[in-house]
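What you see below is based on every heavy atom in this structure, not just the backbone, and it leaves out hydrogens, waters and symmetry mates. A note on names: the letters A, B, ... follow the listed sequences, proteins ahead of strands, and every chain is numbered from 1. Please read all numbers here as calculations on a predicted model, not as lab measurements.
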Number of protein chains: 2
Amino acid sequence: MTADAWVPPPVLVAVDLVVFTVRGSELHVVLIERGIAPHRGVLALPGGFLRDAEEDLLAAAYRELSEEVGLTARHVHLEQLGAYGTPGRDPRGRVISVAYLAIAPRLPEPVADTDASAAGWVLADFALSPAARLAFDHRRILADGVERVRTKLEHSTLATAFVGPTFTVSELQSVYEAVWGVRLDPRNFYRKVQGADGFLVPAGPARRATPGRPARLFRAGPSATIRPPLTRPIGPADQEATS
Amino acid sequence: MTADAWVPPPVLVAVDLVVFTVRGSELHVVLIERGIAPHRGVLALPGGFLRDAEEDLLAAAYRELSEEVGLTARHVHLEQLGAYGTPGRDPRGRVISVAYLAIAPRLPEPVADTDASAAGWVLADFALSPAARLAFDHRRILADGVERVRTKLEHSTLATAFVGPTFTVSELQSVYEAVWGVRLDPRNFYRKVQGADGFLVPAGPARRATPGRPARLFRAGPSATIRPPLTRPIGPADQEATS
DNA sequence: GTAATAGTGTCTATCAGACACTATGCC
DNA sequence: GGCATAGTGTCTGATAGACACTATTAC
């Protein structure tokens with residue numbers, strides 16, 4: 001700020017991913033077991049340093065998603081969660097991590113790459129519990145990610161990122177129930193999402209396979225927001241995510 | 001990611017501030033005129049590089065708030081907006097800026113420091129208009145800040161950060177009207193904010209000064225969220241802020 | 001037929017928006 | 001008194017939640 005000789009301190013920048021999906025009525029997140037120091041052998045969010053000085057942050061997030069999770073860009077929603085830069089959060093020096101929130105339809109098993117000795121879907125509730133030890137400040141990042149996705153389901157159409165390109169209303173309901181951890185009335189849920197303009201558009205007649213009447217298929221509509229918002233029945237204590 | 005010799009690229013980290021207040025029924029933001037290259041003489045958000053490798057991001061934001069805007073920590077709400085790191089956004093090299101949103105009650109004039117030849121409150125609508133040229137990607141950062149504060153007024157008690165420690169309901173209403181750019185019915189607004197549990201707590205009897213009946217004073221309540229949320233009458237087109 | 005899920009209709013308590021009305025200060 | 005703002009009451013149309021009912025499949 002002052003004289004000519006001063007130069008700003010260089011910093012290392014990493015990108016970390018909070019990758020969510022819904023499997024079997026429960027919210028899951030991708031965790032890896034770190035294969036390199038520091039925190040070797042400890043559970044962590046997938047991520048890594050910028051590859052070079054020209055790599056865009058979002059591009060780095062997509063690259064890590066592919067390398068460490070084995071998910072290709074298509075059909076994965078990716079948005080920035082925030083920057084985490086407390087000094088001392090990484091023993092290697094001053095590292096600032098830009099966290100990204102990724103939402104994937106239920107698809108493949110993640111694959112371990114060179115930095116990770118193992119990778120897989122873990123129950124989000126377990127990953128947040130004291131029983132799971134996470135590296136760095138990844139527990140905090142994960143908690144912020146959970147909070148973000150919970151609140152975004154209320155007033156955005158983010159839930160459609162959890163399901164495939166076409167889906168039934170009850171599949172969408174399962175997403176809400178898994179993320180919010182509540183049970184919803186199917187009839188009221190049906191009316192509500194149908195009434196939200198631009199949320200769902202019909203796509204094909206019906207899907208057979210399960211017992212019971214076949215369900216109509218829908219595709220995500222053009223709207224990014226839901227008016228009026230869906231109301232979460234009751235929430236556990238709310239948090240404010242600031243960093 | 002690969003071999004032993006590889007090291008991650010160092011990056012410069014800056015902190016930028018989107019400082020809002022309400023003056024005369026309009027949303028204002030602090031802009032400076034840059035006193036140093038690059039973009040010397042151009043309008044920009046206040047901000048600067050990390051002072052040293054040990055400085056916390058939030059601490060740097062508070063420092064810039066004090067140095068460049070002349071606001072001391074007390075009574076200023078500060079929360080992270082996001083990280084902006086597109087390569088080429090700063091001609092000095094690879095710079096990642098962590099933007100913070102600051103909300104201040106209407107208080108002093110900002111003061112120019114060494115990096116800024118001028119600083120002052122500017123109408124937010126003007127700062128976002130094509131007539132105002134902003135340095136770097138600060139127009140985008142500002143747009144994200146406006147969007148954030150607009151949506152947060154709906155379901156959080158953030159509006160109380162715009163007013164002093166004690167305030168009247170009509171002062172609070174002015175905040176909503178300025179930020180949303182709409183007119184609200186005072187009677188319905190009064191009932192609504194009174195009904196929101198933990199939003200307002202009585203503080204003192206009344207304030208005299210203006211014509212008309214004196215208004216009761218309130219203090220910000222313990223709750224950080226509003227249930228049910230206040231509904232914005234109609235919004236201009238919504239945006240999704242991702243980075 | 002039974003079981004199971006999809007989708008529709010209806011009732012009720014509550015709420016947002018409109019706005020008449022009362023209360024309390026200044027001049 | 002007149003005027004201005006604060007605060008309350010009431011009405012109405014819309015909506016959330018509860019839940020009866022019909023529809024369409026598999027067996």
Side-chain angles (χ1 to χ4, degrees), chain A residues 24-25 153-155 159 163 166-178 180-197 199-219 225-235, chain B residues 24-25 153-155 159 163 166-178 180-197 199-219 225-235:
Chain A
S25 306
L153 283 204
E154 296 186 45
H155 56 267
V163 294
T166 69
F167 51 87
T168 68
V169 171
S170 83
E171 283 169 0
L172 199 64
Q173 182 182 340
S174 300
V175 171
Y176 277 89
E177 293 182 334
W180 285 349
V182 297
R183 300 290 294 175
L184 301 172
D185 184 295
R187 291 98 76 181
N188 292 335
F189 183 82
Y190 196 95
R191 257 194 303 98
K192 183 77 195 200
V193 296
Q194 285 289 44
D197 230 48
F199 191 8
L200 304 182
V201 296
R207 161 179 300 171
R208 32 208 81 231
T210 59
R213 171 176 176 175
R216 280 187 257 168
L217 288 176
F218 296 90
R219 206 187 314 280
T225 61
I226 308 179
R227 278 183 54 87
L230 292 173
T231 51
R232 175 155 43 144
I234 316 178
Chain B
S25 307
L153 283 204
E154 296 186 44
H155 55 267
V163 294
T166 68
F167 50 89
T168 67
V169 171
S170 83
E171 282 169 1
L172 199 64
Q173 182 181 341
S174 299
V175 171
Y176 277 88
E177 293 182 334
W180 284 350
V182 297
R183 300 290 295 175
L184 301 173
D185 184 295
R187 291 98 74 179
N188 293 334
F189 184 83
Y190 196 96
R191 258 193 304 98
K192 183 77 193 200
V193 297
Q194 285 288 45
D197 230 49
F199 192 6
L200 305 182
V201 297
R207 161 178 300 171
R208 31 209 81 232
T210 59
R213 172 176 175 174
R216 280 188 256 169
L217 288 176
F218 295 91
R219 206 187 314 279
T225 61
I226 308 179
R227 279 183 54 87
L230 292 174
T231 50
R232 174 155 45 144
I234 316 178

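- In the set C/dG17, D/dA4, C/dG7, D/dA4 carries the atom at the smallest distance from any side-chain atom of B/Pro211.
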Contact state string [nucleotides 9-15 of chain D, B base, S sugar-phosphate only, - no protein heavy atom under 4.0 Å]
-B-----
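- The side chain of B/Pro214 sits closest to C/dT24 out of C/dG7, C/dT24, D/dA6.
- Looking at heavy atoms from C-beta onward, A/Leu184 lies in side-chain contact with A/Pro233 at the 4.5 angstrom threshold.
- Residues forming a side chain to side chain donor-acceptor pair (under 3.5 Å) with B/Glu177 (at least two apart in sequence, or on another chain): B/Gln173, B/Arg183.
- With a 4.5 Å cut-off on side-chain heavy atoms, A/Phe199 and A/Lys192 do not count as touching.
- Across every non-hydrogen atom of B/Ala203 and B/Arg219, the tightest pair is CB-NH2, 3.3 Å.
- Nucleotides of DNA chain D nearest to B/Phe218 and B/Gly212 differ in position, and the one nearer the 5' end is that of B/Gly212.
- Note: CG (B/Leu217) to P (D/dG7) measures 9 Å, nearest angstrom.
- In plain terms, the two heavy atoms of A/Arg232 and B/Arg227 that are nearest each other are O-NH1, 3.6 Å.
- For the pair B/Asp185 CG and C/dC19 P, the interatomic distance rounds to 9 Å; values are reported in whole Å.
- Helical stems in DNA chain D, defined as runs of 3 or more consecutive Watson-Crick or G-U wobble pairs with donor-acceptor distances under 3.5 Å: C:1-27 with D:1-27.
- Regarding contacts with the backbone of D/dT8, every side-chain N or O of B/Arg213 stays at 4.0 angstrom or more from both OP1 and OP2.
- For the pair A/Arg183 CZ and D/dA16 C1', the computed distance is 19 Å after rounding to whole Å.
- Rounding to whole angstrom units, CG of residue B/Leu184 and P of C/dC19 are separated by 15 Å.
- Separating the OH atom of B/Tyr190 from the C1' atom of C/dT22 is a distance of 14 Å, rounded to the nearest angstrom.
- Here the shortest heavy-atom pairing between A/Tyr190 and A/Arg216 reads OH-NH2, 3.6 Å.
- Here B/Thr231 does not reach the OP1 or OP2 of C/dC15: none of its side-chain N or O atoms lies under 4.0 Å away.
- Distances shown here put every side-chain N or O of A/Ser170 at or beyond 4.0 Å from the OP1 or OP2 atom of C/dT5.
- Scanning both residues, B/Leu153 and B/Leu230, for their nearest heavy atoms gives O-CD1, 4.4 Å.
- Within the 4.5 Å cutoff, no side-chain heavy atoms of B/Val182 are placed close to those of B/Tyr176.
- In plain terms, the two heavy atoms of A/Val169 and A/Phe189 that are nearest each other are O-CE2, 3.7 Å.
- Between B/Phe189 atom CZ and D/dT5 atom C1' there is a gap of 15 Å when expressed in whole angstrom units.
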